[in-house]
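First up is the structure itself, then whatever we jot down about it.
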Amino acid sequence: DSLHLEMKITLLICLLVVATSVAGKKKNKKKPTDLFTSETLKCLVCKSLTEEIDNMIAKIDPKKKIEVGTFRLNSDGTQNKNLIAYARSEQHLSEVVDTVCAVFEDYAQAKSKTTGQPTIIRIV
């Protein structure tokens, strides 16, 4: 019985030594550097966001105009109204901001083959 107990203890010690050495090896492995840190990703998304907004604005015909003004009446009963380019109007920019997030479903994280730098690319 005591011999049997000694063998069990020895086996347990061996298993603990093996387990700790395996765990130690996992901790000592170098982790690959994370290309997409939070700061890098925020910067890349911001750049892509401005590019997408500029592209959406550029798609609009520059001749297209929209009438803007107030609903207030002047003392003579008229309203102040102006014609402005639709592309940079508040109405169009509001629509762009509402729809630009859907475009980002077509983006993916990538690493540049030539420079090795992180980037995000449009898939579609």
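Everything numeric here is computed off the predicted structure, so don't read it as measured data.
- In this structure, the side chains of Leu49 and Phe104 come closer than 4.5 Å at one or more pairs of heavy atoms.
- Linking Ile, Leu, Val, Met, Phe, Trp and Tyr residues whenever their side-chain heavy atoms come within less than 4.5 Å leaves Ile66 and Met56 in two separate clusters.
- Ile60 and Ile53 are assigned to two separate hydrophobic clusters, defined by single-linkage of ILVMFWY side chains at heavy-atom distances under 4.5 Å.
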Do any side-chain atoms of residues 73-82 form donor-acceptor pairs under 3.5 angstrom with protein atoms, and if so which ones, sequence neighbours left out?
residue: Asn74; atom: ND2; partner: Thr78; partner atom: OG1; Å: 3.2
residue: Asn74; atom: ND2; partner: Asn80; partner atom: OD1; Å: 3.0
residue: Asp76; atom: OD1; partner: Thr78; partner atom: N; Å: 3.3
residue: Asp76; atom: OD1; partner: Thr78; partner atom: OG1; Å: 2.8
residue: Gln79; atom: OE1; partner: Lys81; partner atom: NZ; Å: 3.4
residue: Gln79; atom: NE2; partner: Phe71; partner atom: O; Å: 3.4
residue: Lys81; atom: NZ; partner: Glu67; partner atom: OE2; Å: 3.4

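- Judged purely by atom type and a 3.5 angstrom limit, Ser48 has no side-chain atom pairing as donor or acceptor with the backbone of Val45.
- Counted within 6.0 Å of NZ on Lys111, heavy atoms from surrounding residues, nucleotides or ligands total 12 or fewer; the atom is thus considered open.
- When the side chains of ILVMFWY residues are joined at heavy-atom separations under 4.5 Å, either directly or via intervening members, Val96 and Val68 end up in two distinct hydrophobic clusters.
- Cluster annotation: Leu44 and Ile121 are assigned to distinct hydrophobic clusters (Ile/Leu/Val/Met/Phe/Trp/Tyr, side-chain heavy-atom contacts under 4.5 Å, transitive).
- A single hydrophobic cluster is not seen to contain both Tyr86 and Leu93; linkage of ILVMFWY side chains at heavy-atom distances under 4.5 Å, directly or through other members, places them apart.
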Walk me through whether Val103 and Arg122 qualify under side-chain contact (heavy atoms from CB on, under 4.5 Å).
CA-CA 9 Å; Val103 174; Arg122 191 166 191 188; 3.5 Å; yes
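- We find the CD-OG1 distance between Glu52 and Thr99 to be 10.0 Å, quoted to the nearest 0.5 Å.
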Lys47/Ile120 under side-chain contact (heavy atoms from CB on, under 4.5 Å): CA gap, chis, key distance, verdict:
CA-CA 10 Å; Lys47 286 179 184 177; Ile120 56 175; over 6 Å; no
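- Atoms CD1 and CD, from Ile84 and Glu90 in turn, are 8.5 Å apart once rounded to the nearest 0.5 Å.
- Scored by the salt bridge (charged side-chain N to carboxylate O under 4.0 Å, His left out) test, Arg88 finds no partners at all (sequence neighbours excluded).
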